[in-house]
Every structure is written in C-alpha cells, then in structure tokens.
Amino acid sequence: MDTNDAIPKEIAEIQRRQKKRLQQLNALDRWTEAEFEEAVHCYNEWSTEMRGWVFPLASIEKLAFDVRTPDKQAKTLQMIAKQMSSNPAY
C-alpha cells in the first residue's frame, strides 16, 4: 500500500494497530532491537500537511530516554533530538 495515497480509513486502521502494538511493547521491561524497531514504527505519525508518515521530535525524545531502548539506539536518538531541538525548523 502506498501510504501517500492512503485514505483516511486506512490511516485510522494503521493508527489503531500502532496503538495496540505499542501497548504490548510498553508492557515489556526491555526491548530487543526488533521490538525497538517496532516501537519506532508505532511512534510514527501521519502528517496530513506532508502527506506522509513523520517521526516527530516528541517521539524521538521519548524513545531516546526510554529505559527499554537499546543503548546504541538511545545514544543516537539523543544526538538527533539535541540537533532537532536546536534547529527552529523542527
């Protein structure tokens, strides 16, 4: 499915599945790298303005400091969050 052409019903269904899976992931004490990748996808949001999925700064910050995020990815996300928060374009 081309998400850029997704109709609102399809977007709503994707968001419902994201929310359900994120609840399951949040119930875990630690995430494997695969589970972390799933969490990243669950934190993506549909942007009507951009007509696509985006990974907002708030989501990056949340994952960057989540104890379940694997250390390597957490450090990378913390650097990204710092760069994004210092750039007014974000």
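For reference, positions follow the sequence shown, starting with 1.
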Quick check: does any side chain N or O of [X] sit under 3.5 Å from a backbone N or O of [Y], one acting as donor and the other as acceptor?
X	Y	answer
Q18	H41	yes
R68	N26	yes
S86	K82	yes
Q78	A64	yes
Q83	I80	no
R30	V67	yes

| Inter-residue atom distance Q24.CD - C42.SG, 0.5 Å rounding |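 Taking CD in Q24 and SG in C42, the distance rounds to 9.0 Å.
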| Atom CZ in F55, atom CE in M84: separation rounded to 0.5 Å? |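 Spacing of CZ (F55) from CE (M84) equals 9.0 Å.
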Less than 4.5 Å apart, any side-chain heavy atom of [X] and any of [Y]?
X	Y	answer
D66	W31	yes
E38	R21	yes
L63	V40	yes
F65	I60	no

Identify the heavy atoms of [X] and [Y] that sit nearest to each other, and give their distance.
X	Y	value
W46	Q15	CB-NE2, 3.9 Å
V54	S47	CG1-CB, 3.9 Å
L25	A39	CD1-N, 3.6 Å

| Run the side-chain contact (heavy atoms from CB on, under 4.5 Å) check on E33 and Q73 step by step: do they pass? | CA-CA 9 Å; E33 289 197 26; Q73 288 87 341; 3.3 Å; yes
| field | Joint hydrophobic cluster, F36 plus L28, side-chain heavy atoms closer than 4.5 Å | value |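 Yes, one cluster joins them.
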| query | Just wondering, more than 12 heavy atoms not from E13 lying within 6.0 Å of its CD? | reply |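 Yes, the 6.0 Å shell around CD holds more than 12 heavy atoms from other groups.
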